Each structure stands twice: as structure tokens, then as C-alpha cells.
Amino acid sequence: MMICYNESERTFKLDTPNTSYMLGIVDEEGFIGHIYYGRRLKDADAAYLMRTQEPPFVPGKNNRERCSFYDCFPFEYPTGGLGDYRESCLEIRTKDGHAGAMLTYVSHEIFKGKPALEGLPATFGTEEECMTLRLVCEDKYVGMRAELLYTVFNDTDVITRSVKITNVGQQHFYLTKVYSACIDMDNNDFDMISLHGSWARERRIQRKTLGYGIQNVSSFRGESSHQDHPFLALLRKNTSQESGEVYAMNFVYSGNFRAQAEVSQFDQVRMSMGIHPQNFCWKLEAGESFQAPEAVMTYTDKGLDAMTAAFHKLYKRHLIRGEYKDKKRPILINNWEATYFEFNTEKLLSIAREASKLGIEMLVMDDGWFGRRNSDNCALGDWKVNEEKLNGGLKYLVDEVNKLGMKFGIWFEPEMISPDSDLYRAHPDWAIAIPGRTATESRQQYVLDLSRKGVVDYVYEAVAGILRSANIEYVKWDMNRQLTDLGSYGLPADRQGELYHRYVLAVYELQGRLVKEFPYLLLENCSGGGARFDPGMLYFSPQIWCSDDTDAIERLAIQEGTALIYPLSTMGAHVSDCPNHTVGRVTPFETRGIVALAGTFGYELDVTRIPEEDRKQIPEQVAMYHKYNDLVREGDYYRIASYSQNRQFDCWQVVNEDKSQALVTYVQVLNRPNFKSKRILLKGLDADKRYRVCFANGDAVPEPVVYSGDTLMKAGLMIPNPWGDFQARLIVLTAEG
Ligand code: GLA
């Protein structure tokens, strides 16, 4: 890992273990151009890639074609309005209503370590682990300074970027767009991968050809969303899981975003990522700054597996924090699908008693324990224990659960307010709404205006007060509707465009305060399932509920898409009852357990009422979790086959660091008659080691055999065709000697 500045060439070279990123300063006017991002370069002699020696040349040599220069120069951080007609990263409006900006070089600084970003989640590392370039540029006409921050890490091939804009002039101006990262490069006939979905269908992988013009994915819903994901990858046509070039970006942010690729008239690609500019307008008074969130970039020529590995390593080591960062999580049982709103102390204790006998370690009380919340149409905001349901009070319940040797967890949806709530009756102006217009309800609720300090303090005290009142060791922080009717009673007219971002900042502030006051707390974020599964939330909670769809077969695609970027340790995954509540499918209990093992693992069912043959399997599943969770949580993940693509079976693998142990999960969806065993090529093993291969389950499992890692990776392993639909096999590989 290294960042160096070549004074004579005026270029910067940023090296990660296997990649180089170069940028340079051009000409007496100080434009900052992108030079190269790709395989690691030995030398820094690539400034010619900015093409300033060919027509239209730099303005200093051909000022009559200044506009042509702006429209093709590979800007490191492009601004709009002066002649670059491609999509810009930064747009402003001056006090007089004018747009147009151009940033040019002022100074730079290279230092060890990585500064925190004020008010925002961001990756981190020590002075030994990472190095940062701060590039300062200015638009003197506007009185605007931009600080572009780049950090490289010594243990993973990523570069993180962020931007801070400061008003260094006398007059206020408005930021109407501030992206966080951009790469201008040559078009290489790319494909584009993005993640799409819906409620209960989150993060399905889509790959398509990148054509001319603008192609983007975005969210304008106030959160990262079920529908699109703050991630974009450009890859060569021949790129596969195992080989080929990939450029990818992911956004450490939980609100509106846009991830975009634009192919220009000159076959250049501009790949960019940042806060969605729609309805964004941030006023900067003289001396004020705006810190844009962090974007993570990675490049590899070794296929999607290597891209995934880079993200996983970064997030495991340099983003997730706290007590549970590297720890096994308690196996929980959540009462949502078990009871919905129909529960009381006795019901919860009956579940806990049975669960504790089976080895389950924590009871999580979901929605419905507060105010008059007996359905999902009221009481959000009234965070007072409903003692009619919880007879004896919350502390009594928690103590009783603790006496069983179990931990206790609780559900909140702190950002919300029901129109039918005491809170709304007392403070109707606390909801986000356009004054005078009846706001749109969703799940019969409104969103709290977290741009107001009083509201944030109320929310914090409501949550913290409950946590202080009993021994609560886990919180599920939910958010069940997206934002509409953007209006705040607390902001002046010229700051209404700040509401979306101020909202996200307040969520971060709340969760930051929470994990500070309750450092032992296991926080799990959630948003109507997995609508806020993003790196921003991972900074506060080491796990996020992946989807309300707990069906083992639906989960294959959801978990595949999620694991494309995020470590398995972050994916909230539970075994639920059948017929499945979302799709009505019946799958074997064993398969449900094996699929949930790829995530945090837990239960979401009424353990007192499930069939006896299912209940009997729980202690075995608990033992399986304890045996393999270290490997699943800490091991390297490889995608072997995708049911979404082959429509037959899914297969993934984890391997520990010294490659002495691996776990392969194989899920056959529909059985096909008269088929032979399937041969799969394993990955990530030590070619020189010999592995004992053991099927951990199945009726007629083959005898353990010993094969070399080399053979298993090149020639493959035979998986006998399982009998029946929705069958899963867990295969354990242990190196001999
Ligand atoms: C959301 C969550 C569920 C559950 C309900 C409760 O949908 O994703 O797991 O907590 O809210 O209302």
C-alpha cells in the first residue's frame, strides 16, 4: 500500500496490493484528470492517458476549443455547466441563481491513516493499515473549496473516496448535487451488474450490456431501498466468477443514491456514485462545509469472486465495529411469524421455555409490545410498555427469560409515528409532511421529522429509557415505510432541500448514541425486511435482517445477491415455519436450517406448535451452528453455482484462512428424474493439501473420501442427486495431517 506524488510529472499513484490508481494535474490551469485504474503498475509513467497531447489539446494550446476539451477530458471530479456535457458530480447555484463550476488544483497532502468523516459512517484503519491522499481544489469564482479524499488499505484491493465542500467565499451558495466518486475511463464493451428487487425479493442480480448514454440505478425513497441497491459493477463481456475485469462501487450511505454509468460519444465511460440529486439542495453559508458520504471502489482482473472478497474483507475488518464484530451471535428466536400481534407474557415465556430446552439462546420480542399496538395501524411513537399484554411488566419478562439462561431482545421502529398515536395527537408537526397538504400514509404511518433536534432527543430517550429499564441485550431497529411528502415544519424554505440528508444524518446520530451508551448491545437493522441493507447501517449494526421472505428457496437468490457484496456474518437469516408465510411453500426443515446457516442463524416460529419431527431437529441444527459458525462468519466465501442462473441448484462454499477446513452448501431445487450426480468444481482450497470430504447430512450419504485440493478444484466433487425437491446437502472438507 502506497501513495506517491511525482513532482515533475505532477501525478499521483495510489497502490493497493494488486491494483494502481493514477490521477494527475494538467497544465497551468490545474485541471485534475483521471489517468488509470487497473492492474498494479510498476512505474508511474502513464500521464499520457489523459490524452492532452492530442486534439482538442488543453485550453492553454487551443483556447478556441475549450468546450471540446471540457467535454472529453477524463475529469477526476467533474463539475457541471461550463462545457462538460456528460453527467457531472457537482452542481451549485450561487446566491444570484447561476450554475457552473470548475475545480482546479490548489494543494495536496499525503498521510498515514484515515480521518473519520464528520457525522457519517465510514471505513477506518490504523496508520499501519492505510494511507490517505487529500487533494484540495477550488473554484475561485464561486468561492468554493473541494477536498477529495482517497484512502488505500494494505490488506484489500479497495480505494475509498469522499468529498468535502467548503464555502470559502463571502456569499452563500447552494449545492444541488454532490457525488462522492467518479471514474472516467475508456469504454471496454462492458456489461453492468446491479441489484434489484422489491419487498420479499431483495437484491436480485441483474447483468446487462452497457450501451451508449446514461444507465443508472437509484433510490429516491429516503433509504437505500428494496428496489435498487447502492452498488454498481462494470465488467468485461468475458468476466465470470473466477476471471476477468471488474470495476465496482458501493456507497457507505443509507439514503437516496444514484449509481451511474454513462457511455459518451467518444467511447468513454463515466462511472459515478453519490447522493441522488433530486430534491437535494444544501445551503452553504460562508465558512460552512458539507461532507459527502464515502464511496468504496474496487478493481480486479480475477472475476466476481475477487470483487466479493475485496468487499467482504474491507467490511469485516474496516467497517463493522463493536462487541460482536468478530464474535458468534446468540441463536435467537423471534416471535413475529410465531404470534404477530397476538401475544402476552405467558405466551412469550412458553416459547422461551421450550426454546431454551432446545439450545436457543435469546428471545426477541417483536412488534406489538407498546402502547395500544395490537395491529400495524396505530401507536408508533408511544414507546410505553403495554402492561395489559406484558402483565408483570417488561423487567419481569426479561428477568424470567434470563432465568432460563436466555438473553432478551426487543423490536423498535423508532423513526415512525402513527396518525393514531398519543405522540401524533400531541405533536402533529413532528411528522414529515408538506404543511397544509395531507401526507401520504404507508402501512398507516408517517415518518418522524428527524431534522428536528427535539424529535431526535425524544426518540433517543424513548428507546434508551426502555433499554435502561431491563437487561435487554439485542435491538431490532426497524423502518417500515419510505419517505414521501418531503416537508419539515422545522426548516426554513431555503433549507427544505436538506431534509432527506438531514434525516439520514439523524438516524446515524441516534444509532451512534445508542451503541455508545449500550456498547454490549447487539443491534440488528431492518427495514420491512432488507430495504436498508447497506454499508452505512453496517457501521452501527454487525447484522441486518436480509428479507421478510424466510422461504429457503426464495432466500437462495436473496442471499446470493446480498453476499455478492456483504459478508455472510451480516445477513440476518432465520428458520421459519411452513407453509411459508410469504410464498406458501413447504420445504424440509433440514433445508431451512442449512440455508439459514449461511447467515446469522435463528428461528422465527412458534416452537411450541411446530411438528414434533421439526422440533426434534432443532438441537442438531443448534449443534451444527456452533460447529460451523466460526467458519461461516470468518471464512472466505465463494459462489460455486447460482440457482438464479441455472434454474436447478445453488451452491456456495466457505474456506478458513489456513485452508484447513471448508464447508460446501448444495441446494437442489426441483428434483429431475433419471439424472446422475452433479460434478462441482470447488474453490479456494490448498492445491497441495489432501482433504477428507464428509457429507454432514442426507439419507444415503457417501462414505468419507480423501481427495487432493488440486483435484477437487480442477476436476471437481460429485454430489449424488438427492431424492426429493428442496433438498440441501452440507459437505465438510477437512485437510489431513
Ligand atoms: C417488518 C420486519 C418484520 C417485523 C415487522 C413488524 O416488516 O421486517 O420482521 O418486525 O416489521 O411489524
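Because the structure is a prediction, the values reported are computed rather than measured. Numbering of ligands and ligand atoms starts at 1, following listing order. For reference, positions follow the sequence shown, starting with 1.
- Of all the atoms in ligand 1, the ones that sit under 4.0 Å from a non-hydrogen atom of Gly529 are 8 (O).
- The protein heavy atom nearest to atom 8 (O) of ligand 1 is Asp548 OD1, 2.5 Å.
- With respect to the salt-bridge test (charged N to carboxylate O, under 4.0 angstrom), the residues Arg373 and Asp367 qualify.
- Between Lys616 and Glu613 there is no salt bridge, since no side-chain nitrogen of the basic residue lies less than 4.0 Å from a carboxylate oxygen of the acidic one.
- Contacts with ligand 1 closer than 4.0 Å are made by side-chain heavy atoms of Asp478 only, the backbone lying farther away.
- Among all non-hydrogen protein atoms, the one lying nearest atom 9 (O) of ligand 1 is Lys476 NZ, 2.7 Å.
- A salt bridge links Asp650 with Arg639: the distance from a Lys NZ or Arg NE/NH1/NH2 to an Asp or Glu carboxylate oxygen falls below 4.0 Å.
- Checked against a 3.5 angstrom limit, the closest N/O atoms of Asn480 and ligand 1 fall inside it.
- A salt bridge is defined here as a Lys NZ or Arg NE, NH1 or NH2 lying under 4.0 Å from an Asp or Glu carboxylate O, and Glu441 with Arg481 fails to meet this definition.
- The N/O atoms of Cys526, backbone and side chain alike, include none that comes under 3.5 Å of an N/O atom in ligand 1.
- Between Phe341 and Trp336, the ring planes lie perpendicular to each other; the angle is over 60°, past the 30° to 60° tilted range.
- The shortest separation from a heavy atom of Arg443 to ligand 1 is under 4.0 Å, placing the residue in contact.
- Taking the six-membered ring where tryptophan is involved, the planes of His501 and Phe280 are perpendicular, since the angle between them exceeds 60° and thus also 30°.
- Taking atom 10 (O) of ligand 1 as the reference point, the nearest protein heavy-atom neighbour is Asp366 OD1, 2.6 Å.
- Taking only nitrogen or oxygen atoms, main chain and side chain alike, Trp411 reaches within less than 3.5 Å of ligand 1.
- Side-chain polar atoms of Asn525 and Trp545 form no donor-acceptor pair below 3.5 angstrom.
- For atom 12 (O) of ligand 1, the candidate residues are Asp367, Asp549, Asp376; the nearest heavy-atom contact is made by Asp367.
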